[in-house]
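A short worksheet on the structure shown next.
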Amino acid sequence: MFLQNTMKSHLVTLVFPFILWLVHGLNPQCATQDHGSNLQVFHVYSPCSPFRPSKPLSWEEDVLQTLAKDQARLQYLSSLVAKKSVVPIASGRQIVQSPTYIVRANIGTPPQTMLMAMDTSSDAAWVPCTGCIGCSSAAFDFSKSTTFKTLGCQAAQCKQVPNPTCGGSACTFNMTYGGSTIAGNLSQDTVTLATDPVPSYTFGCLQKTAGSSLPPQGLLGLGRGPLSLLSQSQNLYQSTFSYCLPSFRSLNFSGSLKLGPKGQPLRIKYTPLLKNPRRPSLYYVNLVAIRVGRKVVDIPPNALAFNPSTGAGTIIDSGTVFTRLVPPAYEAVRNEFRRRVRVANVTSLGGFDTCYTVPIVAPTITLMFSGMNVTLPQENLLIHSTAGSITCLAMSSAPALNVIANMQQQNHRVLFDVPNSRVGFAREQCS
């Protein structure tokens, strides 16, 4: 609304900046500077984001589209856990159809700003580059960077990308990503996050894409693999970061990504990180029980157990929107939730099977991890239609893997302390 009012009174002066926003990044009204090692985090549908749908969706369309995108990501995560570990420059064969949260990264010398999707379950680092066929209009112009270089086939990193080819001097790769295919050159340049430059950062410079499921301005992987941000900036950030994700229903959509151990919260509870040799990038944790209200629900132990050989267990993931539990766990939680709500008429919407058309009072749900409990209030559990006529429990079931998703993480500081192999949660209003 502010932007619309400003445009009405200053139409001539705002036309050019408005075009730059659409092509290159954030609305200038929102472009406050990142500082230190702290970056602003924006939801992809934030008023500050250029990736908002051009035509507003109805609440029901929004929920159904989000569920469909979530399903694609769950297929991606399931495909990862059952395979032998591979460390690609852009990981996985199927992934979320569009990013959920984006951060600003400055690439090259002089810097060019890109809005990259952040993803804790990927080691991916890639951006669309000038001349890319099928990429979005916002591309990194490598010809204008004095520090850019293309890696050759002899580079050690070339062995870590999927399907590398060496027809010429450059190390190139091809892969599928969601419903898309991408091809690019393995490259290096300075990547600056907030005010911290990371020289010779290895990433994929995309030359060709087909399909529509790619984050428009690239992906910044926050996983634990050797080509992820954590590994490439280990001397700078000591493999430590935290984020506070803003609610996508908040008017102020800016959260934060804090890189490095400095400035992280001291009053925070931790649970150990578990290692899956088949997929070392994923952040596995030990979920031991779930409490609905004051009752610990009856869940078969094998529904929560960590099993590296099958990939079963529980992960913390920033890219999935709604938490998924394997059927025995979800059904136990859902049934107790319904029992405590005490409303007979339960309806469904898309993949949500516990929806109500009358006002409800919902119990809290507590995720009980080894050494740490995370109690979720209603804002992390329920989605409401714009008119308030429908309310749904924002969880559902999925095979093979429990995923603690970003709606359940919103307005929490989530701290990943990889050197000490632990992850922490603390309540924090970041919206």
N-O pairing of Arg334 and Glu331 below 4.0 Å: no
Verdict with supporting geometry, Tyr270 and Asn420, side-chain hydrogen bond (donor to acceptor under 3.5 Å, both in side chains): CA-CA 10 Å; Tyr270 290 97; Asn420 293 305; over 6 Å; no
Close side-chain approach of Phe241 to Leu257, heavy-atom, < 4.5 Å: yes
Expected output: side-chain Ser233 to main-chain Leu229 donor-acceptor under 3.5 Å: yes
Min side-chain heavy-atom separation Leu325-Val333 under 4.5 Å: yes
Minimum heavy-atom distance Thr364-Pro377, with the two atoms named: CG2-CA, 4.5 Å
Worked check of side-chain contact (heavy atoms from CB on, under 4.5 Å) between Leu376 and Gln410: CA-CA 10 Å; Leu376 303 175; Gln410 288 169 11; over 6 Å; no
Test item: Leu206 and Val127 side chains (from C-beta on) under 4.5 Å apart, heavy atoms: no
Ring centres under 6.0 angstrom apart (Phe416, Tyr243): yes
Any donor-acceptor pair under 3.5 Å from Asp119 side chain to Ser318 backbone: no
Main-chain N/O of Ala312 paired to Asn307 side chain as donor or acceptor, under 3.5 Å: no
Shortest non-hydrogen contact from Arg324 toward Ala398: CB-CB, 3.7 Å
pair Thr347-Tyr356: side-chain heavy atoms closer than 4.5 Å: no
Thr323 side chain vs Met395 backbone, donor-acceptor pair below 3.5 Å: no
Ile290 side chain near Thr366 side chain, heavy-atom distance below 4.5 Å: no
Between Phe352 and Phe322, ring centroids under 6.0 Å: yes
Backbone of Phe140 reached by a side-chain donor or acceptor of Thr130 within 3.5 Å: yes
Nearest heavy atoms of Val292 and Pro363, plus distance in Å: CG1-CG, 3.8 Å
Polar side-chain atom of Gln232 near backbone of Thr202 as donor-acceptor pair, under 3.5 Å: yes
Short side-chain to backbone donor-acceptor contact, Asn406 and Thr320, under 3.5 Å: yes
Test item: Asn402 side-chain N/O and Val326 main-chain N/O as donor-acceptor pair under 3.5 Å: yes
Tyr330 versus Asp353, side-chain donor and acceptor atoms under 3.5 Å: yes
Within-4.5 Å side-chain heavy-atom neighbours: Met116 and Leu219: no
Pair Thr113, Asn106: side-chain N/O donor-acceptor within cut-off below 3.5 Å: yes
Main-chain N/O of Gly223 paired to Thr120 side chain as donor or acceptor, under 3.5 Å: no
Closest contact, heavy atoms only, Leu274 versus Arg224: O-NH2, 3.0 Å
Shortest non-hydrogen separation from Ser396 to Gly351 and the atoms involved: CB-O, 3.6 Å
Basic-acidic side-chain contact under 4.0 Å: Arg427, Glu379: yes
Intermediate values then yes/no, side-chain contact (heavy atoms from CB on, under 4.5 Å), His384 and Ile390: CA-CA 6 Å; His384 307 275; Ile390 303 175; over 6 Å; no
Arg413 versus Ser256, side-chain donor and acceptor atoms under 3.5 Å: yes
Step-by-step side-chain hydrogen bond (donor to acceptor under 3.5 Å, both in side chains) determination, Asn286 to Ser370: CA-CA 6 Å; Asn286 188 20; Ser370 296; 2.8 Å; yes
Flag for Thr354-Arg338: side-chain donor and acceptor within less than 3.5 Å: yes
SG atoms of Cys132 and Cys135 less than 2.5 angstrom apart: yes
Flag, side chain of Thr209 to backbone of Gly134, donor-acceptor distance under 3.5 Å: yes
Any Val423 side-chain heavy atom under 4.5 Å of Val285 side chain: yes
Working for side-chain contact (heavy atoms from CB on, under 4.5 Å), residues Gln157 and Cys171: CA-CA 9 Å; Gln157 295 93 328; Cys171 174; over 6 Å; no
Between Ser121 and Asp317, a side-chain donor and acceptor under 3.5 Å: yes
Any donor-acceptor N or O pair under 3.5 Å, side chains Ser281, Asp123: yes
4.5 Å side-chain heavy-atom contact, Leu193 and Val191: yes
Reference residue Ser242; test side-chain hydrogen bond (donor to acceptor under 3.5 Å, both in side chains); the match among Gln264, His412, Glu428, Lys258: Gln264
Closest contact, heavy atoms only, Pro419 versus Ser239: CD-O, 3.3 Å
